[in-house]
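First up is the structure itself, then whatever we jot down about it.
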Protein chains: 2
Amino acid sequence: MSKTSRNTIARQKILELINSKKTAISHSSLQEELEGVCDRVTTYRVLERLVNESLIHRIVNVNGVVNYAPCQTCSHKEQHIHQHIHFSCISCGTIRCITDHPIAITLPENYSATEYQLTIAGTCPECL
Amino acid sequence: MSKTSRNTIARQKILELINSKKTAISHSSLQEELEGVCDRVTTYRVLERLVNESLIHRIVNVNGVVNYAPCQTCSHKEQHIHQHIHFSCISCGTIRCITDHPIAITLPENYSATEYQLTIAGTCPECL
DNA sequence: TTTATATTTGCAACAGAGTTGCGTTATGAG
DNA sequence: CTCATAACGCAACTCTGTTGCAAATATAAA
Ligand SMILES: [Mn+2]
Ligand SMILES: [Mn+2]
Ligand SMILES: [Zn+2]
Ligand SMILES: [Zn+2]
(Lines give C-alpha, C1' and ligand atoms only; values in the text may rest on other atoms or scores of the structure.)
(Ligands and ions follow the chains in the order given, each with its own letter.)
Protein backbone atom coordinates (compact mmCIF):
# COMPACT_ATOMS: atom_id res chain seq x y z
CA MET A 1 0.00 0.00 0.00
CA SER A 2 2.39 2.68 1.28
CA LYS A 3 5.28 3.43 -1.03
CA THR A 4 8.59 2.45 0.48
CA SER A 5 11.12 5.27 0.55
CA ARG A 6 14.38 4.27 -1.09
CA ASN A 7 17.66 5.25 0.46
CA THR A 8 19.29 6.82 -2.59
CA ILE A 9 22.60 8.67 -2.66
CA ALA A 10 20.84 12.02 -3.20
CA ARG A 11 18.59 11.37 -0.21
CA GLN A 12 21.52 10.40 2.03
CA LYS A 13 23.62 13.43 1.13
CA ILE A 14 20.72 15.89 1.44
CA LEU A 15 19.62 14.59 4.83
CA GLU A 16 23.23 14.55 6.05
CA LEU A 17 23.74 18.14 4.95
CA ILE A 18 20.56 19.39 6.60
CA ASN A 19 21.32 17.54 9.82
CA SER A 20 24.85 18.93 9.93
CA LYS A 21 23.59 22.53 10.06
CA LYS A 22 22.72 24.53 13.15
CA THR A 23 20.53 26.78 11.01
CA ALA A 24 17.93 26.19 8.32
CA ILE A 25 18.92 26.00 4.67
CA SER A 26 17.16 26.90 1.44
CA HIS A 27 16.85 24.75 -1.68
CA SER A 28 19.27 26.92 -3.64
CA SER A 29 21.98 26.94 -0.94
CA LEU A 30 21.52 23.21 -0.54
CA GLN A 31 21.90 22.72 -4.27
CA GLU A 32 25.18 24.66 -4.24
CA GLU A 33 26.61 22.66 -1.35
CA LEU A 34 25.61 19.40 -3.00
CA GLU A 35 28.09 20.19 -5.79
CA GLY A 36 26.45 18.17 -8.53
CA VAL A 37 25.31 15.19 -6.45
CA CYS A 38 21.94 15.40 -8.18
CA ASP A 39 19.69 17.54 -10.34
CA ARG A 40 17.83 20.46 -8.73
CA VAL A 41 14.49 18.78 -9.49
CA THR A 42 15.66 15.72 -7.60
CA THR A 43 16.56 17.93 -4.65
CA TYR A 44 13.03 19.34 -4.64
CA ARG A 45 11.58 15.83 -4.73
CA VAL A 46 13.86 14.50 -2.00
CA LEU A 47 13.01 17.49 0.22
CA GLU A 48 9.31 16.81 -0.29
CA ARG A 49 9.86 13.19 0.65
CA LEU A 50 11.84 14.05 3.79
CA VAL A 51 9.10 16.49 4.86
CA ASN A 52 6.44 13.80 4.40
CA GLU A 53 8.52 11.38 6.46
CA SER A 54 8.77 14.01 9.23
CA LEU A 55 12.55 14.02 9.15
CA ILE A 56 12.73 17.71 8.24
CA HIS A 57 10.31 20.61 8.29
CA ARG A 58 9.61 23.59 6.06
CA ILE A 59 10.13 27.14 7.28
CA VAL A 60 8.59 29.93 5.23
CA ASN A 61 10.67 33.04 5.76
CA VAL A 62 9.15 36.53 6.00
CA ASN A 63 10.24 37.09 2.37
CA GLY A 64 8.41 33.93 1.28
CA VAL A 65 11.54 31.85 0.64
CA VAL A 66 11.31 28.30 1.96
CA ASN A 67 14.02 26.90 4.21
CA TYR A 68 14.49 23.43 5.69
CA ALA A 69 15.61 22.29 9.12
CA PRO A 70 15.79 18.93 10.92
CA CYS A 71 12.85 17.90 13.09
CA GLN A 72 13.92 17.64 16.70
CA THR A 73 11.52 18.78 19.39
CA CYS A 74 8.43 18.47 17.25
CA SER A 75 5.21 16.99 18.56
CA HIS A 76 4.37 13.64 16.95
CA LYS A 77 1.31 12.76 19.02
CA GLU A 78 -1.68 12.71 16.71
CA GLN A 79 -0.05 14.40 13.80
CA HIS A 80 3.32 16.00 13.29
CA ILE A 81 3.00 19.64 14.37
CA HIS A 82 5.74 22.27 14.55
CA GLN A 83 4.60 24.87 16.99
CA HIS A 84 7.72 26.90 17.61
CA ILE A 85 9.15 30.23 16.52
CA HIS A 86 11.65 30.63 13.72
CA PHE A 87 14.01 33.55 13.90
CA SER A 88 15.36 35.07 10.70
CA CYS A 89 18.35 37.41 11.14
CA ILE A 90 18.33 40.29 8.67
CA SER A 91 22.04 40.81 9.27
CA CYS A 92 23.69 37.39 8.90
CA GLY A 93 20.78 35.79 7.05
CA THR A 94 20.55 32.72 9.25
CA ILE A 95 17.23 31.13 10.18
CA ARG A 96 17.08 29.31 13.48
CA CYS A 97 14.46 27.18 15.23
CA ILE A 98 13.70 28.61 18.68
CA THR A 99 12.57 25.36 20.26
CA ASP A 100 13.65 26.01 23.85
CA HIS A 101 11.43 29.00 24.45
CA PRO A 102 7.81 28.90 25.62
CA ILE A 103 5.12 30.63 23.58
CA ALA A 104 1.41 31.00 24.21
CA ILE A 105 -0.65 31.04 21.08
CA THR A 106 -4.27 30.10 21.07
CA LEU A 107 -6.95 30.70 18.49
CA PRO A 108 -10.50 31.99 19.03
CA GLU A 109 -13.38 29.48 19.34
CA ASN A 110 -13.99 27.06 16.48
CA TYR A 111 -10.71 27.59 14.71
CA SER A 112 -8.83 24.34 14.10
CA ALA A 113 -5.10 24.58 13.45
CA THR A 114 -3.08 22.11 11.39
CA GLU A 115 0.02 24.08 10.46
CA TYR A 116 1.99 26.84 12.12
CA GLN A 117 4.37 29.30 10.48
CA LEU A 118 5.64 31.57 13.22
CA THR A 119 8.54 33.47 11.77
CA ILE A 120 10.07 36.55 13.32
CA ALA A 121 12.71 38.65 11.57
CA GLY A 122 15.21 40.92 13.29
CA THR A 123 18.74 40.83 14.64
CA CYS A 124 20.17 37.72 16.29
CA PRO A 125 22.40 37.72 19.41
CA GLU A 126 25.56 37.20 17.34
CA CYS A 127 24.82 40.27 15.21
CA LEU A 128 23.39 42.56 17.87
CA MET B 1 12.80 65.30 0.95
CA SER B 2 10.00 62.71 1.21
CA LYS B 3 8.38 61.90 -2.10
CA THR B 4 4.76 62.94 -2.17
CA SER B 5 2.49 60.01 -2.96
CA ARG B 6 0.19 60.79 -5.88
CA ASN B 7 -3.44 59.79 -5.72
CA THR B 8 -3.68 58.01 -9.05
CA ILE B 9 -6.67 56.05 -10.35
CA ALA B 10 -4.84 52.74 -9.92
CA ARG B 11 -3.97 53.61 -6.33
CA GLN B 12 -7.56 54.62 -5.52
CA LYS B 13 -9.10 51.48 -6.99
CA ILE B 14 -6.57 49.14 -5.40
CA LEU B 15 -6.93 50.65 -1.94
CA GLU B 16 -10.73 50.66 -2.28
CA LEU B 17 -10.74 47.00 -3.26
CA ILE B 18 -8.48 45.95 -0.39
CA ASN B 19 -10.49 47.97 2.13
CA SER B 20 -13.77 46.48 0.88
CA LYS B 21 -12.67 42.93 1.78
CA LYS B 22 -13.12 41.16 5.10
CA THR B 23 -10.22 38.86 4.18
CA ALA B 24 -6.76 39.34 2.73
CA ILE B 25 -6.20 39.27 -1.01
CA SER B 26 -3.26 38.24 -3.20
CA HIS B 27 -1.74 40.21 -6.06
CA SER B 28 -3.14 37.85 -8.68
CA SER B 29 -6.72 37.92 -7.31
CA LEU B 30 -6.49 41.67 -7.02
CA GLN B 31 -5.31 41.93 -10.61
CA GLU B 32 -8.31 39.88 -11.76
CA GLU B 33 -10.79 42.00 -9.85
CA LEU B 34 -9.23 45.20 -11.18
CA GLU B 35 -10.37 44.17 -14.66
CA GLY B 36 -7.78 46.07 -16.64
CA VAL B 37 -7.58 49.19 -14.49
CA CYS B 38 -3.81 48.99 -14.69
CA ASP B 39 -0.86 46.80 -15.61
CA ARG B 40 0.21 44.05 -13.21
CA VAL B 41 3.55 45.78 -12.66
CA THR B 42 1.72 48.92 -11.61
CA THR B 43 -0.31 46.86 -9.15
CA TYR B 44 2.92 45.56 -7.61
CA ARG B 45 4.29 49.08 -7.34
CA VAL B 46 1.08 50.51 -5.86
CA LEU B 47 0.98 47.69 -3.30
CA GLU B 48 4.57 48.45 -2.32
CA ARG B 49 3.66 52.11 -1.92
CA LEU B 50 0.60 51.36 0.22
CA VAL B 51 2.68 49.09 2.46
CA ASN B 52 5.30 51.83 2.93
CA GLU B 53 2.56 54.28 3.82
CA SER B 54 1.22 51.81 6.41
CA LEU B 55 -2.21 51.68 4.83
CA ILE B 56 -2.01 47.95 4.16
CA HIS B 57 0.21 45.10 5.37
CA ARG B 58 1.74 42.03 3.81
CA ILE B 59 0.79 38.54 4.96
CA VAL B 60 3.00 35.65 3.89
CA ASN B 61 0.86 32.54 3.78
CA VAL B 62 2.14 29.09 4.85
CA ASN B 63 2.62 28.30 1.15
CA GLY B 64 4.75 31.43 0.66
CA VAL B 65 2.16 33.39 -1.31
CA VAL B 66 1.84 37.04 -0.28
CA ASN B 67 -1.54 38.51 0.59
CA TYR B 68 -2.56 42.04 1.52
CA ALA B 69 -4.97 43.36 4.13
CA PRO B 70 -5.87 46.81 5.46
CA CYS B 71 -4.04 48.04 8.54
CA GLN B 72 -6.47 48.50 11.40
CA THR B 73 -5.33 47.63 14.89
CA CYS B 74 -1.63 47.86 14.17
CA SER B 75 0.82 49.48 16.54
CA HIS B 76 2.24 52.75 15.17
CA LYS B 77 4.26 53.81 18.23
CA GLU B 78 7.93 53.81 17.27
CA GLN B 79 7.57 51.88 14.06
CA HIS B 80 4.69 50.16 12.37
CA ILE B 81 4.55 46.62 13.73
CA HIS B 82 1.96 43.94 13.01
CA GLN B 83 2.03 41.50 15.85
CA HIS B 84 -1.10 39.47 15.34
CA ILE B 85 -2.00 36.05 14.00
CA HIS B 86 -3.20 35.42 10.47
CA PHE B 87 -5.44 32.46 9.91
CA SER B 88 -5.43 30.72 6.55
CA CYS B 89 -8.35 28.35 5.93
CA ILE B 90 -7.37 25.30 3.88
CA SER B 91 -11.03 24.73 3.01
CA CYS B 92 -12.37 28.07 1.76
CA GLY B 93 -8.96 29.62 1.10
CA THR B 94 -9.60 32.85 2.99
CA ILE B 95 -6.92 34.55 5.05
CA ARG B 96 -8.08 36.59 8.00
CA CYS B 97 -6.37 38.87 10.51
CA ILE B 98 -7.03 37.70 14.07
CA THR B 99 -6.60 41.06 15.75
CA ASP B 100 -9.00 40.65 18.65
CA HIS B 101 -7.22 37.73 20.29
CA PRO B 102 -4.36 37.98 22.79
CA ILE B 103 -1.09 36.18 22.10
CA ALA B 104 2.06 35.95 24.16
CA ILE B 105 5.21 35.69 22.10
CA THR B 106 8.56 36.63 23.49
CA LEU B 107 12.04 35.89 22.24
CA PRO B 108 15.05 34.67 24.22
CA GLU B 109 17.61 37.22 25.48
CA ASN B 110 19.37 39.45 22.95
CA TYR B 111 17.04 38.79 20.06
CA SER B 112 15.65 41.98 18.55
CA ALA B 113 12.46 41.65 16.47
CA THR B 114 11.48 43.96 13.64
CA GLU B 115 8.94 41.93 11.67
CA TYR B 116 6.41 39.27 12.57
CA GLN B 117 4.82 36.69 10.31
CA LEU B 118 2.55 34.57 12.47
CA THR B 119 0.42 32.52 10.12
CA ILE B 120 -1.62 29.51 11.13
CA ALA B 121 -3.36 27.27 8.65
CA GLY B 122 -6.35 25.06 9.39
CA THR B 123 -10.12 25.15 9.22
CA CYS B 124 -12.07 28.33 9.94
CA PRO B 125 -15.35 28.47 11.93
CA GLU B 126 -17.43 28.79 8.74
CA CYS B 127 -15.91 25.60 7.30
CA LEU B 128 -15.67 23.51 10.47
C1' DT C 1 -5.08 78.57 -16.32
C1' DT C 2 -0.76 77.35 -17.89
C1' DT C 3 3.74 75.50 -17.13
C1' DA C 4 7.26 72.77 -15.09
C1' DT C 5 8.81 68.73 -12.88
C1' DA C 6 8.95 64.74 -10.52
C1' DT C 7 6.03 60.70 -9.88
C1' DT C 8 3.73 57.07 -11.91
C1' DT C 9 2.65 54.13 -15.68
C1' DG C 10 2.93 50.46 -19.51
C1' DC C 11 5.61 47.46 -21.87
C1' DA C 12 9.04 44.21 -22.60
C1' DA C 13 12.39 41.58 -20.77
C1' DC C 14 14.27 39.27 -17.09
C1' DA C 15 15.14 36.40 -12.65
C1' DG C 16 14.13 32.95 -9.19
C1' DA C 17 11.31 29.35 -7.16
C1' DG C 18 8.88 25.53 -7.95
C1' DT C 19 6.21 21.93 -10.99
C1' DT C 20 5.22 18.45 -14.59
C1' DG C 21 5.84 14.85 -18.17
C1' DC C 22 8.46 11.34 -19.82
C1' DG C 23 11.89 8.12 -20.90
C1' DT C 24 15.82 6.00 -18.28
C1' DT C 25 18.23 4.27 -14.12
C1' DA C 26 18.78 1.74 -10.06
C1' DT C 27 17.00 0.32 -5.30
C1' DG C 28 15.63 -3.32 -2.57
C1' DA C 29 12.11 -7.05 -1.81
C1' DG C 30 11.31 -11.68 -3.03
C1' DC D 1 19.79 -12.76 -9.38
C1' DT D 2 15.43 -10.95 -11.05
C1' DC D 3 12.24 -7.47 -11.66
C1' DA D 4 8.57 -4.13 -10.31
C1' DT D 5 8.50 0.39 -9.36
C1' DA D 6 10.57 4.24 -6.87
C1' DA D 7 13.62 7.64 -8.06
C1' DC D 8 16.23 10.00 -11.42
C1' DG D 9 17.77 13.62 -15.22
C1' DC D 10 16.37 16.59 -18.55
C1' DA D 11 13.59 19.85 -20.87
C1' DA D 12 9.91 22.63 -20.75
C1' DC D 13 6.73 25.05 -18.28
C1' DT D 14 4.08 28.11 -14.66
C1' DC D 15 3.92 31.52 -11.22
C1' DT D 16 5.57 35.42 -8.58
C1' DG D 17 8.08 39.31 -8.50
C1' DT D 18 11.70 42.80 -10.44
C1' DT D 19 14.07 46.20 -13.53
C1' DG D 20 15.01 49.69 -17.27
C1' DC D 21 13.20 53.04 -19.99
C1' DA D 22 10.32 56.04 -22.62
C1' DA D 23 5.64 58.02 -22.33
C1' DA D 24 1.88 59.76 -19.55
C1' DT D 25 -0.02 62.39 -15.75
C1' DA D 26 -0.68 64.35 -10.99
C1' DT D 27 0.49 68.22 -8.43
C1' DA D 28 2.71 72.40 -7.05
C1' DA D 29 4.39 76.72 -8.64
C1' DA D 30 4.14 80.58 -11.87
MN1 LIG E 1 11.74 24.71 13.31
MN1 LIG F 1 -3.10 41.30 9.68
ZN1 LIG G 1 22.60 37.21 12.75
ZN1 LIG H 1 -12.85 28.53 5.72
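Proteins come first, then strands; the chains are lettered A, B, ... in the order of their sequence lines, and each starts at number 1.
Checking side-chain atoms of A/Arg49 against main-chain N and O of A/Arg6 turns up a donor-acceptor pair under 3.5 Å. Side-chain N or O atoms of A/Thr119 include one that pairs as donor or acceptor with a backbone N or O of A/Val60 at under 3.5 Å. Using a distance-only test at 3.5 Å, with no hydrogens or angles considered, a donor-acceptor pair links the side chain of B/Thr114 to the main chain of A/Ala121. Looking only at distances, no side-chain donor or acceptor of A/Gln117 sits under 3.5 Å from a matching main-chain atom of A/Asn61. One N or O on the side chain of A/His27 and one on the backbone of A/Arg40 form a donor-acceptor pair closer than 3.5 Å.
Put simply, CG on A/Asn67 is 9 Å from P on C/dG18, counting in whole angstrom units. Taking atom CG on B/Leu47 and atom C1' on C/dT8, their separation rounds to 14 Å, with Å as the unit. Between the C1' atom of C/dT8 and the NZ atom of B/Lys13 lies a distance of 16 Å, rounded to the nearest Å. Atoms CD1 (A/Ile9) and C1' (C/dA26) sit 9 Å apart, rounded to a whole Å. Note: CD (B/Gln31) to P (C/dT9) measures 12 Å, nearest angstrom. With rounding to whole Å, A/Glu48 atom CD is found 12 Å from C/dT20 atom C1'.
Counting any heavy atom pair closer than 4.0 Å across all strands shown, A/Ser28 reaches sugar-phosphate atoms only and no base atom. Counting non-hydrogen atoms under 4.0 angstrom, A/Val65 reaches nothing in the nucleic acid. Residue contacts shown for B/Val46 are limited to sugar-phosphate atoms, with no base heavy atom under 4.0 Å away.
For A/Arg45 against C/dG18, a side-chain-to-base donor-acceptor contact under 3.5 Å is absent.
When the nearest nucleotides of DNA chain C are assigned to A/Tyr44 and B/Thr42 by heavy-atom distance, the more 5′-ward of the two goes with B/Thr42. Each of A/Arg49 and A/Arg40 has a nearest nucleotide on DNA chain D; the 5'-most of these lies closest to A/Arg49.
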Hey, what are the protein-to-nucleotides 28-30 of chain C N/O distances that come in under 3.5 Å?
residue	atom	partner	partner atom	Å
C/dG28	OP1	A/Asn7	N	2.5

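Under the side-chain contact (heavy atoms from CB on, under 4.5 Å) rule, B/Ile18 has a single partner from B/Leu55, B/Asn67, B/Ile25, which is B/Ile25.
Close to C/dT8, at under 4.0 Å from its OP1 or OP2, lies no side-chain N or O of B/Arg11.
Between B/Tyr111 and A/Phe87, the angle of the ring planes goes over 60°, which puts this pair in the perpendicular group of the 30/60° scheme.
Atoms OG1 and NZ, from B/Thr43 and B/Lys13 in turn, are 12.5 Å apart once rounded to the nearest 0.5 Å. B/Ile95 contributes atom CD1, which lies 8.0 Å from atom OG1 of B/Thr23 (distance to the nearest 0.5 angstrom).
A 4.0 Å heavy-atom criterion places the boundary nucleotides of DNA chain D facing chain A at D/dA4 to D/dA11, written 5' to 3'.
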